[in-house]
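What follows is a short report on a single structure.
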Amino acid sequence: MLRRPIRFLVLLAVAGSALAAGAAEPVEPAELRYTMHFGGFHVADLHFEQERSAERYAAGIRIRTAGLADMVLRYKGTAAVDGVLLDGGLLRPERYGFRYKSRKSRRVVEVDYDPADSRATRVRSEKRGKPDRVEVPEELWQEVLDPLSAVLMLREEVRERAGEPGSFRTGVFDGRRRYELAATIGRPTVSDRDGMSTVEVAATIRPIAGFDPDDMTEREQREGYRFQAQFTEGPQALPLEIRTLNTRAIVVIRLAGCSGGTACATADAERGRRSG
């Protein structure tokens, strides 16, 4: 039962990696810390980091199971990307990779991208130390981003819209799976309880290739993976919470802390008001 949310974590958790950063000026490194809950239980901790300058960016995520989930699975995973910033704040990856190990398995995947035309050029995949076949055909490696860059771009869209509704869509290829990330960005709303202004984003991960139908419910196969994210309203656009909408048991990722950047004071204050 616990393996499904951990597998889903690889797709969903990167949505929390959209750290605050200006599109064209140097910023200090920042870190966001999240807790993941499945069926009401705390099952994992997530840490996100990003560095960005006028021409380049890098981002990373660390995931580790917690509590009972750690006793059962002992899952540890990391993912990282570095790439270039183009005119207009466009992010284009050059290298992306993720690796994990658990009680029963371990995997390493590395992907090279050509930032000039948004396509993957090379994939290295290993499972339990042996080469693993890439199930996604090369014709689907075109016009794609890696997962971290895709959601960083979504966060940029939320920030740049400055309260105006809109939509976002991009192809994603992580070396194992090809899917489409589509999102609808709502208008800011103000909480009657604490006066906090947030922006709701309804998003869908639509599987295209590389997914195992046995790992998906019938509803997920029909609708894709649907989730809702809540961002702070304003220039920082920090993700406060991510929640699945159509999974067998609800997965919730909540902001637990922030450090290393000027946006953290705002994020921690809003998190405190939310939990108070």
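We count residues from 1, following the sequence as given. For the numbers below, each heavy atom of this structure counts, side chains included, while hydrogens, waters and symmetry mates do not.
A salt bridge links E156 with R52: at least one charged nitrogen is closer than 4.0 Å to a carboxylate oxygen. Checked for salt-bridge contact, E157 and R159 miss the test: no charged N lies under 4.0 Å from a carboxylate O. Comment: E110 does not engage R95 in a salt bridge, judged by the lack of any side-chain N to carboxylate O separation of less than 4.0 angstrom. Classification of D45 and R33 as a salt-bridged pair fails, no side-chain N sitting under 4.0 Å from a carboxylate O. Electrostatic pairing of R161 and E164 does not count as a salt bridge here, judged by no charged N lying under 4.0 Å from a carboxylate O. The pair R176-D174 does not count as a salt bridge, with every side-chain nitrogen at least 4.0 angstrom from each carboxylate oxygen.
L140 and V123 fall within the same hydrophobic cluster, where Ile, Leu, Val, Met, Phe, Trp and Tyr residues are linked whenever their side-chain heavy atoms come under 4.5 Å apart, directly or through other members. Connection of M153 to F231 is established within a shared hydrophobic cluster, with ILVMFWY side chains joined at heavy-atom distances below 4.5 Å, either directly or through further cluster members. V199 and L245 fall into different hydrophobic clusters, where Ile, Leu, Val, Met, Phe, Trp and Tyr are joined by side-chain heavy atoms under 4.5 Å apart, directly or via other members. When hydrophobic clusters are built by joining Ile, Leu, Val, Met, Phe, Trp and Tyr residues whose side-chain heavy atoms come closer than 4.5 Å, directly or via intermediates, V108 is not grouped with L148. I208 and F227 fall within the same hydrophobic cluster, where Ile, Leu, Val, Met, Phe, Trp and Tyr residues are linked whenever their side-chain heavy atoms come under 4.5 Å apart, directly or through other members.
Taking the six-membered ring for Trp and thresholds of 30 and 60 degrees, W141 and F173 have nearly parallel ring planes, at less than 30 degrees apart. In this structure, Y75 and Y100 have parallel ring planes: the angle between them is below the 30° cut-off, well short of the 60° mark.
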With a 3.5 Å cut-off and sequence neighbours excluded, list the donor-acceptor pairs that the side chains of residues 55-62 form with protein atoms.
residue	atom	partner	partner atom	Å
R56	NH1	E94	OE1	3.4
R56	NH2	D82	OD2	3.4
R56	NH2	E94	OE1	2.8
Y57	OH	S149	OG	2.6
R62	NH1	E49	OE1	3.2

- Task: Please step through side-chain contact (heavy atoms from CB on, under 4.5 Å) for the pair T198 and E233, ending with a clear verdict.
- Result: CA-CA 5 Å; T198 58; E233 195 262 332; 5.7 Å; no
- Between D146 and Y113, does a side-chain contact (heavy atoms from CB on, under 4.5 Å) hold up when you go through it step by step? CA-CA 9 Å; D146 68 279; Y113 300 84; 3.4 Å; yes
- Should V251 and H37 be marked as a side-chain contact (heavy atoms from CB on, under 4.5 Å) after you check the CA-CA gap, both sets of side-chain angles, and the distance that decides it? CA-CA 6 Å; V251 177; H37 303 263; over 6 Å; no
- Message: Checking R222 against E218 for the salt bridge (charged side-chain N to carboxylate O under 4.0 Å, His left out) test, could you report, in this order, the C-alpha distance in whole Å, the side-chain angles of both residues, the deciding distance, and whether it holds?
- Response: CA-CA 6 Å; R222 183 174 65 253; E218 290 185 4; 5.4 Å; no
- Message: Under the criterion side-chain contact (heavy atoms from CB on, under 4.5 Å), I'd like the reasoning laid out for D70 against R64: C-alpha separation, chi angles, the key distance, then a yes or no.
- Response: CA-CA 8 Å; D70 193 50; R64 182 167 186 167; 4.3 Å; yes
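A 4.5 Å side-chain heavy-atom check between C258 and Y34 finds every atom pair outside the cut-off. Considering only heavy atoms from C-beta on, L152 comes within 4.5 Å of Q50 through its side chain. Proximity of T184 to F168: side-chain heavy atoms (C-beta onward) are nowhere separated by under 4.5 Å. Residues R219 and R226 meet the side-chain proximity criterion, which asks for heavy atoms closer than 4.5 Å. Side-chain contact check for R106 versus R99: every heavy-atom pair is 4.5 Å or farther apart. Here the side chains of R243 and R254 are in contact, with some heavy-atom distance below 4.5 Å. Counting heavy atoms from C-beta outward, R107 and D132 have side chains that approach closer than 4.5 Å. Residues L145 and R92 are in side-chain contact: their nearest non-hydrogen atoms beyond the backbone lie under 4.5 Å apart.
Using a distance-only test at 3.5 Å, with no hydrogens or angles considered, no donor-acceptor pair links the side chain of Q142 to the main chain of E139. At distances below 3.5 Å, not a single donor-acceptor pair connects side-chain atoms of S167 with backbone N or O atoms of A183.
Of the N and O atoms on the side chains of R74 and T65, not one donor lies less than 3.5 Å from an acceptor on the other residue.
One distance of note links CD1 of I205 with CD of E220; it measures 10.5 Å at 0.5 Å rounding. To the nearest 0.5 angstrom, E200 atom CD is 5.5 Å from T189 atom OG1. Note that OG1 of T232 and CG of L238 are 4.5 Å apart. Values are rounded to the nearest 0.5 Å. The line from OG1 of T121 to CG of D112 is 5.0 Å long, rounded to the nearest 0.5 Å. From S125, atom OG reaches atom NZ of K130 across 14.0 Å, with rounding to the nearest 0.5 Å.
Partners of T204 according to the side-chain hydrogen bond (donor to acceptor under 3.5 Å, both in side chains) rule, which considers only residues two or more places apart in sequence or in another chain, do not exist here.
Across all non-hydrogen atoms, the minimal contact from R169 to A182 is NH1-CB, 3.7 Å. What you find for R178 and G171 is that their closest heavy atoms are NH1-CA, 3.6 Å. Contact record, P93 with V81: CB-CG2, 3.8 Å, taken as the closest heavy-atom pair. Across all non-hydrogen atoms, the minimal contact from L85 to S53 is CD1-O, 3.1 Å. Looking at every heavy atom in both residues, P207 comes nearest to G224 through CD-CA, 3.8 Å. The two residues V136 and A209 have their closest heavy-atom pair at CG2-O, 3.9 Å.
The neighbour count for E143 CD, taken as heavy atoms of other residues, nucleotides or ligands under 6.0 Å away, does not exceed 12. Remark: D212 CG is packed, more than 12 non-hydrogen atoms of other residues, nucleotides or ligands lying under 6.0 Å away.
Evaluated for a side chain to side chain contact (heavy atoms under 4.5 Å, CB included) with I253, the options L240, T244, I242 yield exactly one hit, I242.
For the pair R177 and F211, the cation-pi criterion (under 6.0 Å, within 45° of the ring axis) is fulfilled.
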